[in-house]
Number of protein chains: 2
Amino acid sequence: MKKKLSTKENPKQEERQPRRYSSEESRRLLIEATLDSIVDVGFSSTSVSEIVTRANLSRGMVHLYFDNKDTLLVAAAKHAAEVYFRNLSDQLESAGSRPQEIIETVILSDLGEALLNERMVKIWFAFRGEAHANKAITQFSDTRDEQLRGMIFDAFVEVAIEQGEPEPAKFARDTTHGTLALLEGMWTDFLLHSDSFSRKSAARIIFRFLSGVYPQHFDLDGAIVK
Amino acid sequence: MKKKLSTKENPKQEERQPRRYSSEESRRLLIEATLDSIVDVGFSSTSVSEIVTRANLSRGMVHLYFDNKDTLLVAAAKHAAEVYFRNLSDQLESAGSRPQEIIETVILSDLGEALLNERMVKIWFAFRGEAHANKAITQFSDTRDEQLRGMIFDAFVEVAIEQGEPEPAKFARDTTHGTLALLEGMWTDFLLHSDSFSRKSAARIIFRFLSGVYPQHFDLDGAIVK
DNA sequence: CCCATATATGGACGTACATTCATTTTATGA
DNA sequence: TCATAAAATGAATGTACGTCCATATATGGG
């Protein structure tokens, strides 16, 4: 039972990386298993045994592809953050270019099923709970990174100028901060009361607040686009 | 070295509770040490050894006063929640009775140093991170309980009626939900960026949103009281 | 003054943990 | 076809964990 199949297909197509089974695949399996474990049994019950069992791999794999358990946890946090931002970016690609449409897209994406779901929420809050004890995780536990923040801020500056605010930058800074805080609060709400949570209500509430400060640009249904 | 001192002072003053050293005191020490450990080394590094060392007590104490480690953790979560609500209640006692003053007090108290500080934030988020894996902790991980929510809602209904909203209850429900979400978001902000966090900004942002929806009752400094 | 009892101690126990590493399995270039 | 190195395995190791419990100490009532 030495060589079952030679599998000599693709003789010159992917010969560049001489990987036997697939180290990348194993890495990915371990990261996914780690996130699954955090979702199912929690951060503090997520052991190496738990992870390798879920990944259907042997114990040694963790230390073959990651220095140690901690490195794997950080890689899992990084992966979760990448999934979040990639999805948000994708949804912004296909959005309108007017500032109030950009803001609307961020809000509705952040509250959409693809990003705001039980798995994601449990993962984010698990990492946040451990963030202050593990500095490497801290950098990946903030959903609102500088790039995103900057984009929303720029959009708010535009609408603040349009409606003739005396201090548009200051006004936009506050509404950016407030909008992101509202979204964070909605995520917390989903974590603690996922059964009674309503995406529609959450969006309406945020737009209600925005229509209060930008009455010409937002109403209860989102961006006003003429 | 049998009896070093009889310490027969206070012969009839505190004789009511026949406690030798003080079981309540030891319970309290263990709970405080648990919270200290969570703050300093994180939830997953909080072991029984870590706790008893911090409390200057022996290993056996945990199982003398609590069934097991888990019971102690739940007691610590309960204690943290009680401290939060007691403090908030106290501050509400000495507040004005007009609805916009009640709302202002809740917001400023929730953002004040007594409630929103590094210790509190780390404790809350640590418990929240474990909440879904430990159902007993879940009930103590929500800062916004029904009683508080109801009080804020009632206050918002009053001001919604005063300004002639067509659907005051619906309007108040949304603004209650939104205000609590904003506060949750500010706590998250404090957790992730405690160095750059400003209580003044946080309050101004919330009042800016409230002045948008209740222009006759709030401005950037809080409640408008004539 | 002594004894019953509450309070406290810390060594011992079995388990589960993260990590190591000698060995085996597999894939592919030569 | 075979040699080689990458990929994968899982038994072994030592440590730290939660819990138990036999023992010690302090206290106040009788």
Side-chain angles (χ1 to χ4, degrees), chain A residues 1-30 33-34 37 41-76 134, chain B residues 1-30 33-34 37 41-76 134:
Chain A
M1 211 201 275
K2 298 280 177 71
K3 300 159 229 156
K4 337 177 72 167
L5 278 170
S6 49
T7 59
K8 266 279 176 66
E9 46 217 336
N10 295 0
K12 283 279 167 201
Q13 198 168 329
E14 296 168 37
E15 89 290 9
R16 214 54 197 285
Q17 294 245 19
R19 272 184 220 115
R20 308 317 156 105
Y21 313 138
S22 165
S23 62
E24 280 308 313
E25 177 72 0
S26 297
R27 275 183 64 94
R28 203 188 54 76
L29 282 172
L30 286 169
T34 303
S37 171
V41 302
F43 191 96
S44 59
S45 296
T46 292
S47 62
V48 170
S49 304
E50 185 75 38
I51 293 167
V52 295
T53 301
R54 285 167 183 272
N56 265 313
L57 293 171
S58 59
R59 314 186 49 65
M61 294 291 269
V62 165
H63 304 89
L64 181 61
Y65 292 117
F66 301 91
D67 281 3
N68 48 45
K69 185 192 172 189
D70 206 64
T71 309
L72 170 55
L73 287 172
V74 172
N134 185 331
Chain B
M1 211 200 275
K2 298 280 177 73
K3 296 159 234 158
K4 339 177 68 167
L5 278 170
S6 48
T7 60
K8 267 279 176 67
E9 47 216 337
N10 295 0
K12 284 280 166 196
Q13 199 167 330
E14 296 166 37
E15 89 287 12
R16 213 52 193 288
Q17 294 246 19
R19 272 181 222 117
R20 309 319 156 105
Y21 311 138
S22 165
S23 62
E24 281 309 311
E25 177 73 1
S26 297
R27 275 184 65 96
R28 203 188 55 76
L29 282 172
L30 286 169
T34 302
S37 171
V41 302
F43 192 96
S44 60
S45 296
T46 292
S47 62
V48 170
S49 305
E50 185 75 38
I51 292 167
V52 295
T53 301
R54 286 168 183 270
N56 265 312
L57 293 171
S58 57
R59 312 185 48 65
M61 293 292 268
V62 166
H63 304 88
L64 181 61
Y65 291 117
F66 301 91
D67 281 4
N68 47 47
K69 185 193 174 190
D70 207 63
T71 310
L72 170 54
L73 287 172
V74 172
N134 185 333

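A note on names: the letters A, B, ... follow the listed sequences, proteins ahead of strands, and every chain is numbered from 1.
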Practice task
Identify whether any heavy atom of A:Tyr65 sits under 4.0 Å from a base atom; if not, whether one sits that close to sugar-phosphate; answer base, sugar-phosphate or nothing.
Solution key: sugar-phosphate
Practice task
Whole angstrom is fine here: how far is it from CG in B:Asp67 over to C1' in D:dT19?
Solution key: 12 Å
Practice task
Quick one: pull up CG in B:Leu29 and CE in B:Met61 and give me the separation to the nearest 0.5 Å.
Solution key: 8.0 Å
Handout entry: Test: B:Arg28 and B:Glu24 ion pair at under 4.0 Å
Key = no
Problem - Between P of C:dT9 and CG of B:Leu30, the distance in whole Å - result: 10 Å
Problem - Donor-acceptor under 3.5 Å (B:Thr34 side chain, B:Leu30 main chain) - result: yes
Completion exercise
B:Asn68 atom CG is separated from D:dG18 atom C1', nearest whole Å, by 9 Å
Problem - Closest to the A:Met61 side chain, choosing from C:dT19, D:dT9, D:dG18 - result: D:dT9
Fill in the blank from the handout: Rounded to whole Å, the CD1-C1' distance (B:Ile51 to C:dT9) equals 18 Å
Practice task
Please determine, for the side chain of A:Arg59, which listed nucleotide (D:dC17, C:dT19, C:dA8) has the closest atom?
Solution key: C:dT19
Practice task
Output the single nucleotide from D:dA7, C:dA18, D:dT19 whose closest atom is nearest the side chain of A:Ser47.
Solution key: C:dA18
Exercise for the section: Indicate yes or no: at least one non-hydrogen side-chain atom of B:Leu73 is less than 4.5 angstrom from one of B:Phe43. Expected result: yes
Handout entry: d(CG, A:Leu64; P, C:dA22) in whole Å
Key = 15 Å
Practice task
To the nearest 0.5 angstrom, please state how far the CG atom of A:Leu72 sits from the CZ atom of A:Arg27.
Solution key: 8.5 Å
Practice task
Could you check how far CG of B:Leu72 sits from C1' of D:dT19, rounded to whole Å?
Solution key: 14 Å
Problem - Short side-chain N/O contact from A:Ser26 to OP1 or OP2 of D:dA7, under 4.0 Å - result: no
Problem - Nucleotide nearest B:Val48 (side chain, heavy atoms from C-beta), chosen from D:dT19, C:dT19, D:dA7 - result: D:dT19
Handout entry: Interatomic distance, B:Leu57 CG vs C:dG10 P [rounded to whole Å]
Key = 11 Å
Completion exercise
Among the nucleotides D:dT19, D:dG10, C:dA18, whichever has the atom closest to the side chain of A:Ser58 is D:dG10
Practice task
Calculate the interatomic distance between A:Asn56 atom CG and D:dA8 atom P; express it in whole Å.
Solution key: 13 Å
Handout entry: N/O (side chain, A:His63) to phosphate O (OP1/OP2, C:dT19) under 4.0 Å
Key = yes
